[in-house]
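Encoded as structure tokens, the structure appears first; notes follow it.
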Amino acid sequence: MLNLKQLLQNYNDHQKDVLLRKSKFDLNKIEAKIHILEGLLKALEDIDNIITLIKQSESSSIAKLNLITKYNFSDSQAKAILDMRLSKLAKLEKLEIEKEKNELIIESEKLKAIINNPIPELNNIFNSIKKNYGDNRRSTIIQVPTSQEEKEIEFIEPEKCVVVLTESGLIKRIPISSFRTQKRGGKGVKTQDDITQAVIRTNTIDNLMIFTNKGNMYRLLVNDIPIGTNSAKGQSIKSLIAMDSEEEPSVIYSIYRDTDAKYVLFVTKQGIVKKTSLNEYIATKKKTGIASVKLKDNDELISVHLIKDEPIILVTENGQAIQFNSTEISETSRVTIGVKGITLNQDDYVKSCCIVRHNSDNLAIFSVNGLAKKIDLSELPLQKRGGKGIICYKISNISGKVASTTLVDDNDIVLICGDKTSLCISSKDIPMLSRVSIGNQMIRGNKILSISKV
């Protein structure tokens, strides 16, 4: 009666139902136990009078009724007090009860988290099933209709790479294998003579979204970008897409083939944020382009991201940061301006935007003069959109202003592009410090232009 996909979906739904039922059952048991322990702790606070009350009662049922009447205990709490052994009156036993209660509270919070969001726990279950039973496909699928987009990548070998765009509009892709991790504080390796404007990591089978100073967007298959090296100049981007002569590329971003994002998020220099459905941009022709965003006078696009409903962190040149939920941004159509994301101080503007996809990540902040640090995300509390935020970096004559930021974990490799050389470092080499510190030297003899995780 069901095909394979429907069978799997029913099984997934069943696993979710089992997980929720089990979690709710365990939570009810734990909350009942916590309720009993709270009654015992309350009784121990006035144990002498309680013992006297019980002794003066004619029977256990009357004693239970007296406890409920005088101390407002529940029926289960009163019964537990009557059943309590004399050894429980010891001071150490009281500490043990408090310890047990605190442990149960922690366990209950975990169960509540699963009930509110069962997806992470379900993923663990399915990953375990996949590990035990997953194997390579044994059948061959033939005569399957493929889209034009799939045909384009049919003979492309997927390869992780980094795309580099310069201020003069030259673009190139460099294989990830070309980057070698070095120790922090070094000079790095020589880059092209042109000033690097943007660096992103992507794959040869993905599409590049190219946003211009006119607010238009063009798409380009990453594999169509000429391959190069760190020191190679690259090719003019205008020779690859049908961009007007007056247009200049300002921001690039990769559309991953397996993305589950719902929106495109735009962030401008003046702190304006805009959220538009990704579907409005996917349908465009590859090289002719479409209008993507409307910009105010004296404003420019500084960042574009694909998001679902994650929190957003905006960081300014003078070291202010604000974190707020992207759900506070109403979805609008393509040719709109957006709303205020952060209120800027005078002579300050937004330098970067980070999307919080993992709360375990740390915010790495890099200064113009080559210093960097990490701060814990807990130091940036969620605020309402449009506020001034809080300080996240103490700029000084030594550090210079904020150059860029990114979210990292201990497994990430960060590419630092300077005005003379570039350097790959492990995120572990970036020190964890406070919000008002300037950090340690990451690259010497350079002004940092951009950073990217590779």
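Just so it is clear, the values below take in all heavy atoms, side chains as well, and ignore hydrogens, waters and symmetry mates.
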Locate the shortest heavy-atom distance separating [X] from [Y]; write the atom from each residue and the value.
{"X": "P311", "Y": "N325", "result": "CG-OD1, 3.7 Å"}
{"X": "T276", "Y": "K274", "result": "OG1-NZ, 2.6 Å"}
{"X": "N223", "Y": "R173", "result": "O-NH2, 3.4 Å"}
{"X": "A291", "Y": "V335", "result": "CB-CG2, 3.8 Å"}
{"X": "C417", "Y": "S422", "result": "CA-CB, 4.3 Å"}
{"X": "K33", "Y": "L104", "result": "CG-CD1, 3.3 Å"}

Run the side-chain contact (heavy atoms from CB on, under 4.5 Å) test on C161 and T202 for me, step by step, so that the C-alpha distance in whole Å, both residues' side-chain angles and the decisive distance to 0.1 Å come before the verdict.
CA-CA 6 Å; C161 60; T202 181; 3.8 Å; yes

Scan residues 371-388 for pairs that pass side-chain hydrogen bond (donor to acceptor under 3.5 Å, both in side chains), counting only residues two or more places apart or in two chains.
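Only N345-K388, D376-S378 qualify under side-chain hydrogen bond (donor to acceptor under 3.5 Å, both in side chains).
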
Applying ring-ring contact (aromatic ring centres under 6.0 Å, His included) to Y11 and Y133, what does each step give before you reach the verdict?
CA-CA 15 Å; Y11 180 77; Y133 301 104; 9.7 Å; no

Interatomic spacing from [atom1] in [X] to [atom2] in [Y] - rounded to 0.5 Å:
{"X": "I34", "Y": "S108", "atom1": "CD1", "atom2": "OG", "result": "4.5 Å"}
{"X": "T405", "Y": "K351", "atom1": "OG1", "atom2": "NZ", "result": "10.5 Å"}
{"X": "T406", "Y": "I430", "atom1": "OG1", "atom2": "CD1", "result": "8.5 Å"}
{"X": "I307", "Y": "L278", "atom1": "CD1", "atom2": "CG", "result": "10.5 Å"}
{"X": "N279", "Y": "Y263", "atom1": "CG", "atom2": "OH", "result": "10.5 Å"}
{"X": "N359", "Y": "L407", "atom1": "CG", "atom2": "CG", "result": "10.0 Å"}

Should E248 and K238 count as an ion pair when the cut-off is N to O under 4.0 Å?
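Answer for the salt bridge query: yes.
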
Is it the case that more than 12 heavy atoms not belonging to [X] sit under 6.0 Å from its [atom1] atom?
{"X": "K453", "atom1": "NZ", "result": "yes"}
{"X": "F126", "atom1": "CZ", "result": "yes"}
{"X": "K42", "atom1": "NZ", "result": "yes"}
{"X": "N136", "atom1": "CG", "result": "no"}
{"X": "N117", "atom1": "CG", "result": "yes"}

Verdict with reasoning, K22 to D26, per salt bridge (Lys or Arg N to Asp or Glu O under 4.0 Å):
CA-CA 6 Å; K22 178 180 180 297; D26 291 342; 3.2 Å; yes

Going by the angle between their ring planes, with limits at 30° and 60°, are Y281 and F266 parallel, tilted or perpendicular?
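Taking F266 first and then Y281, their aromatic rings sit tilted (interplane angle of 30° to 60°).
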
With a 3.5 Å cut-off and no angle check, do the side chains of N10 and Q6 form a donor-acceptor pair?
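No - no donor-acceptor pair under 3.5 Å links their side chains.
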
Would you check if there is a donor-acceptor pair between the side chains of D348 and Q320 at a distance under 3.5 Å?
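The criterion, which ignores hydrogens and geometry beyond distance, is not satisfied for D348 and Q320.
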
Can you check whether S277's main-chain N or O pairs, donor with acceptor, with E280's side chain at less than 3.5 Å?
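No, the answer is negative, given that no donor and acceptor are paired below the 3.5 Å cut-off.
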
